[in-house]
Amino acid sequence: MRPTENETLPEAGHTEIRIVSATPEAARAVAEVIRRCFAGAEHRSYPGPGGGTRLHLTVDTKTAAGPARTWLATSRQPTGSGPHTEEP
């Protein structure tokens, strides 16, 4: 994407990242990796060229993301999810 004259710059210490992908899942996977490094706001999703997906993400380059979780912690189902003990 080429910058336009009307485009405003993000505030100091922040960076705008734009991800263009054929599928929303691939774009979200890349955004998740970026969020592990930098604090940031939620992404904004738009239709991309040829039926793909565009994701816009603003990150705070001055603030690191929270502590990284191990692959084991991320692979476990969150507490309180799934059926209750009294459910089949």
Side-chain angles (χ1 to χ4, degrees):
M1 300 178 99
R2 296 183 183 185
T4 64
E5 291 180 24
N6 302 0
E7 193 170 15
T8 60
L9 292 174
E11 63 183 80
H14 288 77
T15 299
E16 284 280 331
I17 300 170
R18 297 178 185 189
I19 303 166
V20 179
S21 176
T23 66
E25 294 80 16
R28 281 193 290 269
V30 171
E32 183 61 33
V33 170
I34 292 168
R35 280 196 209 100
R36 290 180 186 165
C37 298
F38 300 103
E42 287 297 311
H43 61 265
R44 294 155 323 272
S45 181
Y46 305 95
T53 297
R54 289 185 310 144
L55 258 175
H56 293 190
L57 180 68
T58 303
V59 296
D60 180 352
T61 58
K62 293 181 183 178
T63 307
R69 294 171 50 197
T70 66
W71 69 268
L72 182 59
T74 58
S75 66
R76 290 185 178 147
Q77 205 170 20
T79 305
S81 63
H84 296 279
T85 53
E86 63 275 0
E87 294 178 358

Tightest non-hydrogen contact, residues Thr53 and Ala27, listed as CG2-CB, 4.4 Å
Inter-residue atom distance Ile19.CD1 - Arg28.CZ, 0.5 Å rounding:
11.0 Å
With sequence neighbours left out, write down each residue that passes side chain to side chain donor-acceptor pair (under 3.5 Å) with Thr58, or none if nothing qualifies.
Glu16
Would you please test Leu55 and Arg18 for side-chain contact (heavy atoms from CB on, under 4.5 Å) and show each step?
CA-CA 6 Å; Leu55 258 175; Arg18 297 178 185 189; over 6 Å; no
Between Thr15 and Pro10, the two heavy atoms sitting closest are CA-CG, 4.3 Å
Nearest 0.5 Å please: distance from the CG atom of Asp60 over to the CD atom of Glu11.
8.0 Å
Starting at OG1 of Thr23, measure out to CD of Glu25 and round the result to the nearest 0.5 Å.
5.0 Å
Working to the nearest 0.5 angstrom, can you tell me the gap between Arg54 CZ and Ser21 OG?
13.0 Å
Output for pair (Ile17 CD1, Ile34 CD1), nearest 0.5 Å, gives 4.0 Å
So, for Thr61 and Phe38, which heavy atoms are closest and what is the spacing to 0.1 Å?
CA-CD2, 3.9 Å
Transitively linked via ILVMFWY side-chain contacts under 4.5 Å: Val30 with Leu57?
yes
